[in-house]
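Chain naming here is simple, since letters A, B, ... match the order of the sequence lines and numbering starts at 1 in each. Hydrogens, waters and symmetry mates play no part in the numbers below; they use all other heavy atoms, side chains included.
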Protein chains: 2
Amino acid sequence: MAREQIEDSVTFITEVCWHYYMNGNTQAEVARMMGVTRLRVNQAIQKAKALGLVHVQIDSPFTTRMELQQELQKVYGIEKALVAPVDRDNYDFHGPVGSGLANYLTERLRSGEWKTFGVSWGLTLDSAIRRLQRQSHPQLEVVSILGGTPHGSSFNSFGIASGFADVLGANYSILTAPIYLSEGIDRDLFLSQDVLRTHFDKFDRLDAVLLTCSNVSSKSFLVSNGLPASLTPRKLKEAGAIGDVLGRFLDSDGKSVLPYVDDHTIGMPLEAVEAVPEKIMAAAGPHKVEIIAAAIKRGLVNTLVTDDLTAELLLEHGKSATPPLPGSTEA
Amino acid sequence: MAREQIEDSVTFITEVCWHYYMNGNTQAEVARMMGVTRLRVNQAIQKAKALGLVHVQIDSPFTTRMELQQELQKVYGIEKALVAPVDRDNYDFHGPVGSGLANYLTERLRSGEWKTFGVSWGLTLDSAIRRLQRQSHPQLEVVSILGGTPHGSSFNSFGIASGFADVLGANYSILTAPIYLSEGIDRDLFLSQDVLRTHFDKFDRLDAVLLTCSNVSSKSFLVSNGLPASLTPRKLKEAGAIGDVLGRFLDSDGKSVLPYVDDHTIGMPLEAVEAVPEKIMAAAGPHKVEIIAAAIKRGLVNTLVTDDLTAELLLEHGKSATPPLPGSTEA
DNA sequence: TCACTTGCCATACATATGCAAGGTATGTCA
DNA sequence: TGACATACCTTGCATATGTATGGCAAGTGA
């Protein structure tokens, strides 16, 4: 290395952001004030965004798709639906939903009602973490409710639970196990490990869970990278699976299609999920419409965070596929 | 009026902001998506800023002037100093301090330690309100601790207390009285009104107070518009006053210079302020250096929120005007 | 009917932002 | 000492944003 690197610390970036966002100076003005080039100011601002150092919040963000939200609640009989607007020409089904979930979580955590909540994993939750404002909830515990895949990535089990805990200023507890147990291993023996039993006990005391879902296609990270060798997308479809929640594959009625695989899945059982007071599912994309509907039917969702495109498809699906559930059409 | 006005509701503005800030579209893209002109998108975004609908937050904003903060704490013996960076060529002594106070308040309120806090009034606090993110603290009570002037404005007593309460989702209690009692009215009789006595009783139970201060010049709204007819800036200066805190004029040692006027001032007595656990003063500007120093000397400040220009002048003032207080120079 | 008001649009343009390409200072190393 | 690499700067330009101006269409009222 020749010449020492210029100061590019958080302190520098923070001051740039203060001048730019709080004081409303232009990038050129900030550069002049701080005695650096405009380029470096520009870069600092971009770095701040990337680092999640600045956060833009919109007050009452869910007023824009009120009709869709109310119709979803009515048609599917769920307690709350939150619908984020998307750009249809440049569709991104993780970002807006992530923002929406981040907003809702912030609001929900403010009440202080949650002592512990469970998280699965996936790109949607990763996106939510990166959009969350740093907070302080020292009494809160984030519990991982699903094992990980061997292909480690930032949105895998460990990264999601610790990511939430970090940004929320909370504690966390990791499920140190693979999502699917290898064929040769005895399930009961494996689960009898003290560390796992202690962890599993926490599932019964969760105040909330953050769920995601996916369909059976290459769009699903789990299907592409995480399935046991014996399980192919083809076999899944033949068994009637339309997608998974917590690694457990369901049919269009929300029933498990592969009990044997479920037995070898390390994570919170869906029966336990059903018992959690707040079941929040964050999911969007045309390919997820069926599995979202199935998960709702199964009783896995109180609150659905999605986008307007998916919401419209869900309503279409709900009207065409099934007559409204009895008692769920009341206003 | 010809033609009905176009939809310009909060819903419309919110959707624009969502696309622009959350989804990262350009204004032109948002316009195309929503079927309006770019001009209207641009105006909606500006309106959102003006309405305080969008808020930009910076994580750990007070790392940039760490040395100044520490030196202020040392030289003046205060618990905490928060220093916001400003643009010296385009100096604005309300905005940055308002942002700083908003940030600190948000952090402080998150702890849930406050049940009730007192607010005075002034442009600095008004600025803080407009920069605060909407929050929900149903258990919190904002208490006005100073009467108002007849020249009602948004930053007057009523507007500040209700403004804080509104944005914080809290309750409020107003001091329905003029800041200076008219000559002819008997003070004790006036204060014996039930509604005032109930209000004054709250002063003893405050967890915190937000204070401001001003000097004796036309820059002070109080001096320009709020003084009783018998009190002129000249008289104030002759009596040794260098500024006011809560409408009470102090000399450079922080002592009251006009006990008779203080008797006719409707607001929290400074002796009661001294007893509050957290005394937060938000003030900046070269003209406020002396009165800030005096207020600190009087023991009215735990936490000072100011800007870097004022901080430097305060340090200069502290070093030249007074030898460091005994025992306050320890690190 | 026609002048007029109102509210929006199209256009144009000044300024601000994002980004790439080549230049320059300052160190390393043969 | 000079070739070289590195880290940063300058310049220039494409795009995005902010704002002013003239125009047009729809309604109003003489």
Side-chain angles (χ1 to χ4, degrees), chain A residues 1-58 85-90 92 95-96 99 130-131, chain B residues 1-58 85-92 95-96 99 130:
Chain A
M1 260 179 264
R3 281 175 76 177
E4 61 184 322
Q5 216 163 323
I6 216 168
E7 163 137 62
D8 219 24
S9 63
V10 171
T11 306
F12 173 79
I13 295 176
T14 303
E15 179 163 356
V16 168
C17 288
W18 185 278
H19 285 301
Y20 186 67
Y21 288 109
M22 299 287 118
N23 295 354
N25 298 109
T26 69
Q27 296 183 2
E29 284 173 326
V30 177
R32 185 181 39 67
M33 268 187 276
M34 297 184 62
V36 297
T37 58
R38 190 170 68 76
L39 181 64
R40 294 190 31 63
V41 171
N42 189 288
Q43 286 167 342
I45 289 168
Q46 290 178 52
K47 197 161 178 182
K49 285 182 194 163
L51 288 172
L53 221 92
V54 295
H55 290 269
V56 181
Q57 295 239 358
I58 302 175
V86 290
D87 178 359
R88 281 149 204 251
D89 296 336
N90 194 354
D92 163 20
S99 300
R130 279 181 284 107
R131 285 147 210 267
Chain B
M1 256 179 269
R3 280 174 75 175
E4 63 184 322
Q5 218 164 321
I6 217 167
E7 162 136 65
D8 219 24
S9 63
V10 171
T11 306
F12 173 79
I13 295 177
T14 303
E15 179 163 355
V16 168
C17 287
W18 185 279
H19 285 301
Y20 186 66
Y21 287 109
M22 298 287 117
N23 295 353
N25 298 110
T26 69
Q27 296 184 2
E29 285 172 325
V30 177
R32 184 181 41 68
M33 267 186 277
M34 297 184 61
V36 297
T37 59
R38 191 170 68 75
L39 179 65
R40 297 191 25 67
V41 171
N42 188 288
Q43 286 168 340
I45 290 168
Q46 289 178 51
K47 197 161 179 184
K49 285 182 194 164
L51 289 173
L53 224 101
V54 295
H55 291 269
V56 181
Q57 295 240 358
I58 303 175
V86 289
D87 178 0
R88 280 147 205 254
D89 297 336
N90 195 352
Y91 186 50
D92 163 19
S99 300
R130 276 180 288 108

Under 3.5 Å between N/O atoms: give me all the protein pairs with nucleotides 14-18 of chain C, atom names plus distance.
from    : atom 1 : to       : atom 2 : distance (Å)
dT17(C) : OP1    : Tyr20(A) : OH     : 3.1
dT17(C) : OP2    : Gln27(A) : N      : 2.8
dG18(C) : OP2    : Gln27(A) : NE2    : 2.7
dG18(C) : OP2    : Asn42(A) : ND2    : 2.8
dG18(C) : N7     : Arg38(A) : NH1    : 3.4
dG18(C) : O6     : Arg38(A) : NH2    : 2.9

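- Between the CD atom in Gln46(A) and the CG atom in Asn42(A) there is a gap of 4.5 Å [rounded to 0.5 Å].
- Proximity of Val36(B) to Val41(B): side-chain heavy atoms (C-beta onward) are separated by under 4.5 Å at one or more points.
- Using a distance-only test at 3.5 Å, with no hydrogens or angles considered, a donor-acceptor pair links the side chain of Asn23(B) to the main chain of Pro85(A).
- Between Met22(B) and Ile58(A), the closest side-chain pair of non-hydrogen atoms falls below 4.5 Å.
- One interatomic measurement links the two molecules: CG of Leu39(B) to C1' of dC13(C), which rounds to 14 Å at whole-angstrom precision.
- The shortest distance between side-chain heavy atoms of Tyr20(B) and Val54(B) does not fall below 4.5 Å.
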